[in-house]
Structure formats: structure tokens, C-alpha cells
There are 4 protein chains.
Amino acid sequence: MKSCLMPKIGQEPARRAALVNATISEIGLACSLDVTVGQIARRAGMSTALAHYYFESKDAIFLAAMRHIISEYGRAVRALLHPDQSPRERLSAIVEASLGRDQFADEIVSAWLVFYVEAQRSPEAGRLLKIYARRLHSNLVYGLRFLVDPPAAHGIAQGAASMIDGIYIRHALQSDAPSRPQARALVNNYIDLNIARYSAKTED
Amino acid sequence: MKSCLMPKIGQEPARRAALVNATISEIGLACSLDVTVGQIARRAGMSTALAHYYFESKDAIFLAAMRHIISEYGRAVRALLHPDQSPRERLSAIVEASLGRDQFADEIVSAWLVFYVEAQRSPEAGRLLKIYARRLHSNLVYGLRFLVDPPAAHGIAQGAASMIDGIYIRHALQSDAPSRPQARALVNNYIDLNIARYSAKTED
Amino acid sequence: MKSCLMPKIGQEPARRAALVNATISEIGLACSLDVTVGQIARRAGMSTALAHYYFESKDAIFLAAMRHIISEYGRAVRALLHPDQSPRERLSAIVEASLGRDQFADEIVSAWLVFYVEAQRSPEAGRLLKIYARRLHSNLVYGLRFLVDPPAAHGIAQGAASMIDGIYIRHALQSDAPSRPQARALVNNYIDLNIARYSAKTED
Amino acid sequence: MKSCLMPKIGQEPARRAALVNATISEIGLACSLDVTVGQIARRAGMSTALAHYYFESKDAIFLAAMRHIISEYGRAVRALLHPDQSPRERLSAIVEASLGRDQFADEIVSAWLVFYVEAQRSPEAGRLLKIYARRLHSNLVYGLRFLVDPPAAHGIAQGAASMIDGIYIRHALQSDAPSRPQARALVNNYIDLNIARYSAKTED
DNA sequence: AATGAATGAGTTTTCATTCAT
DNA sequence: GATGAATGAAAACTCATTCAT
């Protein structure tokens, strides 16, 4: 069934990727989901009609962008995790990845915030976000497992995750938000204090 | 050309308040700024035209709503602060107010999130939000003043504020977000640990 | 609650009527439902937005037009019926009304045909058309009641109604379709022959 | 630049036939000309681009489908006509063919109606339909030739043809339309009565 | 003060058609 | 022959905003 000529390399993946990137850029630029398919398509270098050819609807484009951003985060975490890390190193790696330079880029932060809000409206967006949140949570708990008991691990993970998310949202405050190094210090400090307290308690 | 009826006096404040409340309700319901002036006006019991009579534009309505929500928060904080509180009690009161039942109502949380996002777009919204953030920060620092040194106070305040905001944003996760008591415990625990560490360090 | 000034006479009925008439005109002109809201609105002297202000959707406009055309037909029938007509006169009056000059106007015929087709797609359009068809049928049966027995009345009514509808559809053939007088003669002849046969049979 | 495979011979007629059949199916299903080239092509098992390769335009596809449906009708008539039929048998055969099981299939009836409407818009469609109408008319007149005089034959043919078309259009009424046997009876009865009247008149 | 009426500008989506391969 | 890719044009519908009354 194939043509005898060079197989046309699928435009589809490239076009979809271009649209996803353009979507994140435009959302980051507008700091809002109020972005038209026209804007996205133009930035991706194609007509609106073509954008609709590759995605079923505007919502589908947004969800693809969200999936992309979450999977990029997953990739960033995995890149910093190694089997021979100590539990504490593992936690630091997660914090580092969560507040990494890529994740902290203005447009990515904007996109995350916007998607958090969207998650309240779109069930599918909510589902995606919950998956991300649970993965972060279980990553943290997994690192804490050898350092504190399970209930404590759960609590500390929740606190750390909240703090990370809070740091993101505070980016909306521009200059008043903590910088990346400050952010890392805040979260690592929080984790250290909790671990230390736990050790102190159990030494009694 | 005057109306034949008695000119109603003082309608303006009532009308504006009705619109502000309606705005918050609709934003909370829609979990988004994608709310039409028509919806707001209808919920406030008036025509769209009248809404535009009392507010210059849709943006102005949103800003008024944001101002209202922030000032309500300020009122909540002041209500829990007393001159004869200990510094630590003062901190707990701020946490309590920030995570109070009123602030934690679903529609209020939604509105806050939406406004946080909006702050990235609208300079005026950003300005309002910074005012709120600085007030929260200085309230916390004021409470920490007698317990830790100024740089530490600054850091702890930033951590606590981030955690509070993070708890809010995690509300987008619905069931996976910490409950109100859990939220209070997380933040108070964070503050306690930091104070304790500081005391321990300075005792050396 | 009313203003002291002259009560604004409702634009609504006038606008809706204008839209309905414009719709029939445009459908008649285009000989098809492929008519845009823009065309209809322009012919009715208003913007598309206003057309959507007065009607919920394009479909609603079409249905209103259909209702109008059917009710006009009903009015035409009632105008020709008198209590003191003989049964046969009554039948002629119905035929006359069904093939009257107004109903036979090109644009009205086009509209009827288009609505007949639409009735296969839109349940509401189908409902409207069935109401019309049953009314025509029962009008004919009512006239035939004293001339033939019930089963015969039903059959003759069906034949006459089919013939009338067929004459309409043949209008699509332009010059090859029967003229109005020919049309009347065809249907009346059909009715007469059936009544005569029935009389002959029962005289045996 | 030729394809590497054996050039497939005689694909064209098969492809065109597939498209024509697919068109009729889709029109019948949608009960409307609002059918996209994409739908037609997919049902015919090919790409839209290929459909445009075989037909100049969407209109050309529709016209081909119309030609097909009309020629199928012609074939159905010819299949029931025999040289040794009596004139009356000949008329019955035409009626039988016009209301035959094949012609009465839902999707064919729908297609006919849609084409009737289309005939008002497209001159070419109108031309095709007139050809069909004249053939039906002359077939009927040819059968009536020995039974009544020419003017009477013309009138009866017009009445019968109108009734047949009317029966088709009433299909839009679904349950309220005459069934196939009822339909045949109605038309044959109409013809019989007219012939009988003529005989009676000329016997005087 | 209050509102129904009115609209321009914009948004998503669809589709016939063309073109490169 | 055959198709995926691409687009311009158009259509329905929405909405903030204005205006006459």
C-alpha cells in the first residue's frame, strides 16, 4: 500500500508538537487561557484550519499542552533521580527538579497556574493534574520512607508539595516572589526540620 | 426629563455591592474569569446596561471584586488580632484568619486563584495582589519579630505565606487537597519548627 | 414599575415578524435552507447579532417561519369556509385555499418544499408538518362525511391531499407544472369522480 | 513518475459508481443535501482528494447521483413493460414501477425529495428532473392513448404524476403517509375512475 | 436611574478545493 | 492513481459596550 517514493515522514507529530509549544508560549505570554486558536496557529506557523485538522477542538489543544508540560516535569524529575542516591539526596533531587530552571521559566510557570485554574473547570484537566500531584506526593513519600514513619511522611510530603505549589503561584507577584535559590532553601529547610524533629522524637 | 418617582438616594453603593458579590459568586461558580457581564448583572438583579452604568468596564468590575475580597481578608485578620496576644498567638491568629472558614469557602478559594492568575495580566490586579501579599508578610514578620532575628523572620514569613497560598491552589485538586484543620496544622507546625530551631541555635 | 413616558412599544413582535418574513423571502429566493442568518438579518434590516438576540438559534428562526407559513395557510382555509356551505362547496373551498394565489406564490411554494424536506431531519419541523397534514386531512374528511362513508372519506382525503402536495412539488419543474386553474380542476375532478362512484355504488 | 504498480485499468467507472452510491446513501441518511464530500468519500472508501479527482466539484457528484437515480427509475419502468401488455396493464406497470419497492426505499425517497428541491436552484438539476417528468408523462400518455382522447390523456397523466409525486413528498410525514399498497390503490383508482368516466361520456 | 435595543468585532469550527508527493 | 497536508472563505453564535428613551 505504501508509495514507492520516499515515505512521507509524518507531518502529524511535528505539527502537533509545534501547536503544543505554541500553545504554551501563547498562554505564557497572555498569562491566561484567553488565547485564540488563531494566535496559537499563527505562532505555530500554520492556518487555524490546520490546527483544527490536527486537534479535535481548542480544548484538545489545551489538554495536549497540559499533558506535555506535566510529562516534561516527569522527565525532569527522572533525570535527577539515581538508584544510588541516599534518601535525603533523593528528596533534594525532587525539589531541585520541581523548582528547576526549566520549570521556573516564566511561560512555564504561567502555564502551570493557568492549568491549575482550568483543572477546576475541566474534568479531564483535573484528572491530569491529580495524576501529577499524586506522582509528586508518592515520590516525596518514597524518599521519606526510610527517614520518618508513614503518617509523618504523608504530612511532610503534603507540606512540601503545598510549599512548592505556593512558590509557583507567588510568581504572579513578580518581584515579591522568592527567587529560585531562595525557593529551594525554603523547601529543603522545611524537609530538614521535619526530619530532624522526627529523629529527635524517636531518640527519646 | 427626571423620573416621576422619588429619586432613590444611595442606590449606588448598594448596586455596586450587589455587583461585586454577584461577580465573586459567578467567578466562584465558573471557576474562571470567563464570566459575562450579563451573568453578573442578572445575578445582581439588574440589566447589563445598568452594570455598565455603575462600572466603567468589565475589568473595573473584576477589580472591585478583587478589592472586596482582599479587604474582607484584611477584616478577617483584624478580627482575630488583639493587643494582648503573645507573639506566637498572633501568628496563629493570622494563620487562622488566612485559612478561616470564610476564606476557605469554595467560591472564595476559586476567586482567589482566578485573581492570582489575573494578576499576571492586569497591572492593577497585580498591584492589588502585591499589597495583600506585603500586608500578610509584614503581619507575619511583626509576629515573628520577638521570636527570631529579622532575616529569619523574613524567611519564615515567606515560607509560611507560600505554604498558605500553596494550600489554596491545591484546592483545585479537590479531594487531594488538605482539609482546613490539616492545613492549619501544616502551617503552624512549620512555624513552630522554625522558631524552635532558632531558639536551639541561639542557645548554643 | 412602568416608566412615566410613553411605554416603549415592543420592538420584539415587529422584529420577529420582520425576521420571519425575511426568512421566507430568502428561502424562496434561494429555493433552499442554505440561507445564512446574515442574509436573513440583512433583508430584515438588522444585524446578525440582533437576529440572535430575538431568536435562540438559526433553527428557531426557521421553525418560526414554518409556523408562520402553516398558520397563514390555516387562516386562508378558514377565510373560505362558511357554516352555510354545502359539503361539496366546503371541499372546493379547501381546495381553493390550498391552491390559492397566496399559497401558490413562488417563494411560498419554495418554502413549503424546503420545509417538507426539513421535516425529515428536524423532529420539531416534522411535528409541525404533521399537524398541518392532519388538519388538512380532517378538514377534507369533515367535508366528505355526508357524501361517502368513513373509510371512503379517509381514502379520498388521502388521495386529494397527495395530489395537492404533488402539485406543489411539481412546481420545481417550473413550466411543466400544472397552472393554478389546472391544478384546481385536477383535484376537484378527482373528488367529483370519487363521490360519483360512491353514489353509483350505493344506489345499486 | 508513474506509479510502480501495474496501472489499474478501469478503476474510473468503479470509483465513480462507488461515489454515486455513497452520495445517495449519505443524502438518504441525512435527508438533506447537507452532506460533505468527506462523508461521501469515506463511505465510498477513498479520500476526499480522490473524489475531487474523479468529479469536478461537489455539484458534479450530486448531479451524477441524480442522473443515476433517474436512470435507475427508467430501468425499473422498462423492466415492467412488455410489448404484449394491454394499455391498462401498461399503466399499472408504470404505477407499479414508480411506487416499486426499490423506489420506495427510505433513502431513495429522501434522495428524490432532496433532488426536487435542488432542481429549483441548479439549472442542470432542473433539466434532469424535467427529462424524468416528461418521460413519465409520455409513458402515461402512451398508455392512455387507446383509452381516452389526447387532451384527456394529458390531464389524467398530469393528475396521476402529481399524485405519485405527492405520495413521495408525504413520506416526510412518516407514519401519516400512505403505505405502498395504499399508494398503488390510490393512483390506480384515480386512473380507473377517469377512464370509466371517459367511456361513459363517449357512450352517450 | 434603568432598560431594551442594537451592533461591531471576534471566536470556534467546518468545508470545498488544491497541491506536492 | 491516490492521499495527507494545507488553506481561504464563510457561518453560527457571543459579548462588551453604547444609546435612545
Side-chain angles (χ1 to χ4, degrees), chain A residues 1-12 14-15 34-39 41 46-59 61, chain B residues 1-3 5-9 11-12 15 34-41 46-59 61, chain C residues 1 3-12 14-15 34-39 41 46-59 61, chain D residues 1-9 11-12 15 34-41 46-59 61:
Chain A
M1 272 302 186
K2 269 264 167 163
S3 158
C4 300
L5 304 172
M6 270 276 295
K8 269 184 247 179
I9 51 113
Q11 291 287 67
E12 180 157 343
R15 291 295 197 179
D34 268 335
V35 163
T36 71
V37 175
Q39 289 166 340
M46 67 190 87
S47 67
T48 27
L50 195 55
H52 275 97
Y53 178 67
Y54 284 113
F55 283 98
E56 209 159 275
S57 68
K58 192 187 180 179
D59 266 10
I61 300 179
Chain B
M1 272 305 178
K2 269 261 170 171
S3 160
L5 302 172
M6 273 276 294
K8 292 169 204 162
I9 306 178
Q11 282 289 63
E12 177 156 345
R15 291 293 198 182
D34 269 336
V35 163
T36 70
V37 176
Q39 288 167 334
I40 293 169
M46 67 190 85
S47 68
T48 10
L50 196 55
H52 272 96
Y53 178 75
Y54 283 115
F55 285 97
E56 196 157 309
S57 68
K58 192 187 181 180
D59 270 4
I61 301 179
Chain C
M1 273 300 187
S3 158
C4 303
L5 303 173
M6 269 276 296
K8 268 186 248 177
I9 54 115
Q11 292 286 67
E12 180 157 341
R15 291 295 197 181
D34 269 335
V35 163
T36 72
V37 176
Q39 289 166 339
M46 68 190 85
S47 67
T48 24
L50 195 56
H52 275 99
Y53 178 68
Y54 285 114
F55 283 99
E56 209 158 278
S57 68
K58 191 186 180 181
D59 266 11
I61 300 180
Chain D
M1 274 305 178
K2 268 259 170 170
S3 160
C4 303
L5 303 173
M6 273 276 296
K8 292 170 203 162
I9 306 178
Q11 282 289 62
E12 176 156 345
R15 292 291 199 182
D34 270 336
V35 162
T36 71
V37 175
Q39 289 167 332
I40 293 169
M46 67 191 86
S47 68
T48 11
L50 196 55
H52 273 94
Y53 178 75
Y54 283 115
F55 284 98
E56 196 157 308
S57 69
K58 191 185 182 180
D59 270 6
I61 301 179

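Below, chain A is the first sequence line, B the second, and so on; all start at residue 1. Here the structure is a predicted model, which means the values were calculated and not measured.
At whole-Å resolution of the value, CE in C:Met46 and P in F:dC13 are 16 Å apart. Between the CD atom of A:Gln11 and the P atom of F:dT3 there is a distance of 18 Å, given to the nearest Å. Atom CZ in A:Phe55 sits about 20 Å away from atom P in E:dT11, given to the nearest Å.
To the nearest 0.5 angstrom, C:Phe55 atom CZ is 11.0 Å from C:Leu50 atom CG.
Nearest nucleotide to the side chain of C:Glu12, out of F:dG4, E:dA5, E:dG4: E:dA5.
Counting all heavy atoms, side chain and backbone alike, B:Val37 lies closest to B:Lys58 at CG2-CG, 3.6 Å. When all heavy atoms of A:Tyr54 and A:Gln11 are compared, the pair lying nearest together is OH-CB, 3.7 Å. Nearest heavy atom pair, residue D:His52 against residue D:Glu56, reads CD2-O, 4.3 Å. Of all the heavy atoms in C:Asp34 and C:Gln39, the pair that sits closest is O-OE1, 4.3 Å. Residues B:Ala41 and B:Ala51 come closest through the heavy atom pair CB-CB, 4.2 Å.
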Per-nucleotide pairing state of DNA chain F [Watson-Crick or G-U, under 3.5 Å; [ ] pseudoknot-crossing; | other strand]: .||||||||||||||||||||

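Here A:Tyr53 reaches the OP1 or OP2 of F:dA5: one of its side-chain N or O atoms lies under 4.0 Å away. Neither OP1 nor OP2 of F:dG4 sits under 4.0 Å from any side-chain N or O of A:Arg15. Residue A:Tyr54 places at least one side-chain N or O under 4.0 Å from the OP1 or OP2 atom of F:dA6.
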Summary of protein contacts for nucleotides 12-18 of chain E, nucleotide by nucleotide, where a base hit scores B, a sugar-phosphate-only hit scores S (4.0 Å, heavy atoms): SBBBSBB

